[in-house]
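Right, one structure below, let's go through it.
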Amino acid sequence: SNFQKISVRDVLLDEVWLYRHGLVAEARARTHDRWNQKVVILSQGGTETFLTDLGEMETELHLAWTQTDQREWCFECPECRTVQRFSWKMLRYDRGDPDDIDETAIVQSARYHCAGPCATAFEDTITTRRALASSGRYIAANPKARERHVGWHCNALTLHYIEWGT
């Protein structure tokens with residue numbers, strides 16, 4: 001295609017999980033004669049692989065992520081000071097009667113448990129969500145990242161305006 005003929009310094013790709021396979025490589029190729037090139041790939045989550053006639057292939061979005069330092073937004077527990085990433089497995093709620101699921105009760109009982117030694121249960125309030133997210137910082141998780149390849153991930157649990165029970 002004509003997508004890569006003109007060289008540019010900066011390439012911004014948005015919602016890459018929707019791109020057809022090969023388009024990210026074409027966009028990167030547009031920086032072919034720039035020593036100070038920047039390629040920024042933005043997206044919500046997608047899949048790691050997709051099926052083709054030749055079998056399963058890794059998506060370009062996932063491949064790009066694996067090459068970064070994979071910085072994850074982490075918070076510091078106000079009780080035990082353990083720095084940890086937000087994890088869905090630490091979200092708990094009361095299930096109640098399995099034969100009569102009460103969604104309102106589930107939403108109202110949602111709480112997040114510290115993964116550290118204190119195991120504090122944090123109630124699902126906007127104040128709590130904001131305090132945990134505000135105590136955070138990005139921590140790189142991939143020491144084998146390619147040089148100058150930086151990636152950021154923010155779990156939906158870090159968003160103070162979204163209730164954990166929803």
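Counting begins at 1 with the first residue of the sequence.
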Modelled atom types, side-chain donor and acceptor of Gln67 and His149, under 3.5 Å: no
Between the side chains of Arg129 and His160, does any donor sit under 3.5 Å from an acceptor? no
Under 4.5 Å between side-chain heavy atoms, hopping through other hydrophobics if needed: is there a path connecting Tyr93 to Trp164? no
N/O donor-acceptor pair under 3.5 Å between [X] side chain and [Y] backbone:
{"X": "Thr49", "Y": "Glu58", "answer": "no"}
{"X": "Thr128", "Y": "Asp124", "answer": "no"}
{"X": "Thr158", "Y": "Cys154", "answer": "no"}
{"X": "Thr31", "Y": "Val8", "answer": "no"}
{"X": "Ser43", "Y": "Gly45", "answer": "no"}
{"X": "Glu60", "Y": "Ala25", "answer": "yes"}

What pairs with [X] under side chain to side chain contact (heavy atoms under 4.5 Å, CB included), at least two apart in sequence or on another chain?
{"X": "Trp88", "answer": "Leu91, Asn155, Ala156, Leu157"}
{"X": "Ala140", "answer": "Asp69, Arg71"}
{"X": "Asp14", "answer": "Leu42"}

Should Ser7 and Arg34 be marked as a side chain to side chain donor-acceptor pair (under 3.5 Å) after you check the CA-CA gap, both sets of side-chain angles, and the distance that decides it? CA-CA 8 Å; Ser7 179; Arg34 304 298 176 124; 3.2 Å; yes
Can you check whether [X] reaches [Y] side chain to side chain, under 4.5 Å on heavy atoms?
{"X": "Gln44", "Y": "Glu15", "value": "yes"}
{"X": "Gln84", "Y": "Cys114", "value": "yes"}
{"X": "Thr120", "Y": "Pro78", "value": "no"}
{"X": "Val24", "Y": "Leu13", "value": "yes"}

Using the salt bridge (Lys or Arg N to Asp or Glu O under 4.0 Å) rule, collect all pairs that involve residues 107-122, keeping only residues at least two apart or in two chains. Asp94-Arg111
Pair listing, salt bridge (Lys or Arg N to Asp or Glu O under 4.0 Å) test, anchored in residues 40-53, at least two apart: none
Sequence neighbours left out, what pairs pass ring-ring contact (aromatic ring centres under 6.0 Å, His included) with at least one residue falling in residues 43-82? His21-Phe50, Trp73-Tyr138, Phe75-Phe86, Phe75-Tyr112
Separation of [Y] [atom2] from [X] [atom1] (nearest 0.5 Å):
{"X": "Glu72", "Y": "Trp152", "atom1": "CD", "atom2": "CH2", "result": "13.5 Å"}
{"X": "Ser87", "Y": "His113", "atom1": "OG", "atom2": "NE2", "result": "12.5 Å"}
{"X": "Thr68", "Y": "Arg148", "atom1": "OG1", "atom2": "CZ", "result": "14.5 Å"}
{"X": "Ile139", "Y": "Gln70", "atom1": "CD1", "atom2": "CD", "result": "14.0 Å"}
{"X": "Gln37", "Y": "Arg30", "atom1": "CD", "atom2": "CZ", "result": "12.5 Å"}
{"X": "Leu12", "Y": "Ile41", "atom1": "CG", "atom2": "CD1", "result": "10.0 Å"}

If you take all heavy atoms of [X] and [Y], which pair is closest and at what distance?
{"X": "Gly46", "Y": "Trp17", "result": "CA-CB, 3.9 Å"}
{"X": "Val107", "Y": "Gly165", "result": "CG2-O, 3.1 Å"}
{"X": "Ala64", "Y": "Arg28", "result": "CB-NH2, 3.6 Å"}

Take atom CD in Glu123; do more than 12 heavy atoms of anything else shown fall under 6.0 Å from it? no
